[in-house]
S.K.: 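One structure, as structure tokens, below. Some questions next.
It should be emphasised that the depicted structure is a prediction, and the values quoted were computed from it without experimental measurement.
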Amino acid sequence: MLSARRNAVTGAALAALALATAGCGPVTERQSAALRVGYDSLDGSLPVWPPRGSLAGDAAATAAITAAVRDWRSPVDDRVHLPSSGILFSGEVAGAPLALVAADVPGESASWLLQLDRDGQRWRVSHATEYTEAGYLVYADVLPVRQPTGRRYLTSARVERLLGPDGRTVPGADGITEPVAVPACRAVELTATLRPTPSLPRGRAADRVLDLGTATEAPRYPLVRDETGAGKRALTGLDTCALTGGRGPFGSVPRRLGDREAPRSVPESWPMAKIATRSLGEVALGGGEPGDLEQLSWDSPTGTMTAVLYRPAGGGAPVVSPADRSTTLQAYPLPVPGQPLAVLTWRTRDASFAAPPGTTRLVDRPGLVVVEQTDAKQTFSLAGTEKTWYRSLSSPR
């Protein structure tokens, strides 16, 4: 599967970039004693990630950063493949040493952004975030930097200008921006203007990305592509800490390695791109006035995920369900306070829906049924002309 960045530079544009990268890119068989400084991917003749920072030419710093990266292990104990990784920045930011490394971890087929600081002469990995698609950091143009003074960003050489959440240009130097005011639990949009290159002959005036907030916990990667702006609209007014928690839609499907869960890894439901909502209509839940019921969808590392979102009337706190993989009959437990519900949705025409006998249907419309959850396991079915789909929900207790 192509990376999110590659999806944004499709066809001939991507071919030009890929050929340039192949011609001068990393040779994975070559063993290197030290990480490369910069990354040798090219967009035509433009180095996408040239060496950045006041320590980029310091051999001792490069060796020390390499040693720290060589010693680092992912949450599942995989190591970085040094020949296909690179130091994107090494220098001082706000008076403190900082290094950023695009790390290739082949065992997970993932891209890791490693952030390092220095204690005396010894460098250490202080923060690590994973993008679960190999090569993403090479094709991305805006990368997050975690700082005590606020979020900063590292931009590629393709970026002419970066607009912050307030729509104003974010100043910076040597690829690192000044601090940007990003809330802890709210999504904000950044917009990059990309210069014309062989991969984007006309450039791009608005290359959008969402930052899910500074409270996003490692190793979850906080930036999500938002090509159309639908993600910004979908997440307006939502608490991203609730969305990204273990019971929220973005964090509720853990990654599995073989027959076991990997709770320290990025969830399979973590968003990569294409966050959007569609309206399911007005419904009255929890004994209040009718509110808006929406279906939230997004691309994750393992395919399209969905959830339901209820926005109560009068501006009350929205209620969200855990994630459900996109399928014909969708089933969501919706934890409305004092009244646990189950929401069933489908888009198949000429299909007959069935619930367990005695089930109380609070909403019963074509393509949408809302029922009360019981203490017992409930199994629902949707019978089409040639196939029947079944979904079960356990007790909410």
Side-chain angles (χ1 to χ4, degrees), residues 1 230 234 243 246-261 267-286 290-311 318-336 339-397:
M1 183 174 64
L243 295 178
R247 296 187 178 184
F250 296 161
S252 55
V253 182
R255 188 186 301 185
R256 299 191 65 85
L257 298 175
D259 60 352
R260 61 186 177 87
E261 292 185 356
E268 290 190 8
S269 50
W270 194 252
M272 296 172 62
K274 296 184 180 179
I275 298 175
T277 58
R278 73 179 182 97
S279 175
L280 297 176
E282 281 194 343
V283 297
L285 303 179
D292 294 323
L293 188 65
E294 302 173 355
Q295 186 178 53
L296 187 68
S297 65
W298 66 96
D299 281 357
S300 81
T302 56
T304 301
M305 295 279 177
T306 64
V308 287
L309 161 69
Y310 181 62
R311 299 180 187 264
V319 182
V320 292
S321 76
D324 188 30
R325 298 181 191 277
S326 182
T327 187
T328 302
L329 176 60
Q330 306 268 203
Y332 313 96
L334 188 64
V336 174
Q339 188 185 29
L341 304 176
V343 178
L344 293 304
T345 68
W346 64 94
R347 303 179 90 168
T348 302
R349 296 181 179 180
D350 301 322
S352 176
F353 176 82
T359 299
T360 301
R361 302 193 189 194
L362 304 178
V363 178
D364 191 353
R365 303 173 184 169
L368 173 66
V369 170
V370 180
V371 304
E372 292 183 347
Q373 276 199 278
T374 67
D375 291 337
K377 180 179 179 179
Q378 295 170 290
T379 298
F380 308 91
S381 65
L382 183 70
T385 55
E386 298 181 355
K387 184 177 180 179
T388 299
W389 296 268
Y390 297 91
R391 297 300 305 276
S392 295
L393 290 175
S394 299
S395 166
R397 305 295 192 269

S.K.: Out of the candidates T360, L334, L393, L341, only one should pair with Q373 under the side chain to side chain contact (heavy atoms under 4.5 Å, CB included) rule; please name it.
M.R.: L393

S.K.: What pairs with R247 under side chain to side chain contact (heavy atoms under 4.5 Å, CB included), at least two apart in sequence or on another chain?
M.R.: none

S.K.: How close do K377 and S392 get, heavy atom to heavy atom, and via which atoms?
M.R.: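 So the minimum-distance heavy-atom pair works out to CE-CB, 3.4 Å.
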
S.K.: Look up atom OG in S381 and atom CG in L344, then write down how far apart they are to the nearest 0.5 Å.
M.R.: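 Going from the OG atom of S381 to the CG atom of L344 covers 9.5 Å.
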
S.K.: Could you verify whether a donor N or O on one side chain and an acceptor N or O on the other, from R325 and S300, lie under 3.5 Å apart?
M.R.: no

S.K.: Let me check something: any side-chain donor-acceptor pairs from residues 277-285 under 3.5 Å, sequence neighbours excluded? List them with distances.
M.R.:
unit_1 : atom_1 : unit_2 : atom_2 : d
R278   : NE     : Q295   : OE1    : 2.8
R278   : NH2    : Q295   : OE1    : 3.3
S279   : OG     : G281   : N      : 3.1

S.K.: Show the nearest heavy-atom pair for residues P322 and P333, with the distance to one decimal.
M.R.: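 For P322 and P333, the tightest heavy-atom pair comes out as CD-O, 3.3 Å.
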
S.K.: Ignoring hydrogens and angles, tell me if any N or O in the side chain of S252 forms a donor-acceptor pair with the backbone of A323 under 3.5 Å.
M.R.: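 Yes: the side chain of S252 pairs with the backbone of A323.
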
S.K.: How close do I275 and P271 get, counting heavy atoms only, and between which atoms?
M.R.: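 Heavy-atom minimum between the residues: CD1-CB, 4.2 Å.
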
S.K.: Calculate, to the nearest 0.5 Å, the distance between atoms OG1 and CH2 belonging to T327 and W346 respectively.
M.R.: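 T327 atom OG1 to W346 atom CH2 measures 14.0 Å (nearest 0.5 Å).
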
S.K.: Please test T359 against V369 for side chain to side chain contact (heavy atoms under 4.5 Å, CB included), starting from the C-alpha separation and ending with a verdict.
M.R.: CA-CA 11 Å; T359 299; V369 170; over 6 Å; no

S.K.: Give a yes or no answer on whether the side chain of T306 reaches the backbone of D324 with a donor-acceptor pair at less than 3.5 Å.
M.R.: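 Side chain of T306 to backbone of D324, a donor-acceptor pair under 3.5 Å: yes, one is there.
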
S.K.: How far does CD of E372 sit from CD of Q378, to the nearest 0.5 angstrom?
M.R.: 9.5 Å

S.K.: Give me the ring orientation class for F250 and W298: parallel if the planes are under 30° apart, tilted from 30 to 60°, perpendicular past 60°.
M.R.: perpendicular

S.K.: Please indicate whether R347 has more than 12 foreign heavy atoms, meaning atoms of other residues, nucleotides or ligands, lying under 6.0 Å from its CZ.
M.R.: no

S.K.: Would D364 and V371 count as a side chain to side chain contact (heavy atoms under 4.5 Å, CB included) here? Give the steps.
M.R.: CA-CA 9 Å; D364 191 353; V371 304; over 6 Å; no

S.K.: List in chain and number order the residues that pass side chain to side chain donor-acceptor pair (under 3.5 Å) with T388, two or more places apart in sequence or in another chain; answer none if no residue qualifies.
M.R.: none

S.K.: Shortest non-hydrogen contact from G384 to W389?
M.R.: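 Smallest interatomic distance, heavy atoms only, reads N-CZ3, 3.9 Å.
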
S.K.: Do the side chains of L368 and V343 get nearer than 4.5 Å, heavy atoms only?
M.R.: yes

S.K.: To the nearest 0.5 Å, what is the distance between CZ (R391) and OH (Y332)?
M.R.: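 R391 atom CZ to Y332 atom OH measures 8.0 Å (nearest 0.5 Å).
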
S.K.: Apply side chain to side chain contact (heavy atoms under 4.5 Å, CB included) to the pair D299 and T304, showing each step before the final yes or no.
M.R.: CA-CA 5 Å; D299 281 357; T304 301; 3.6 Å; yes

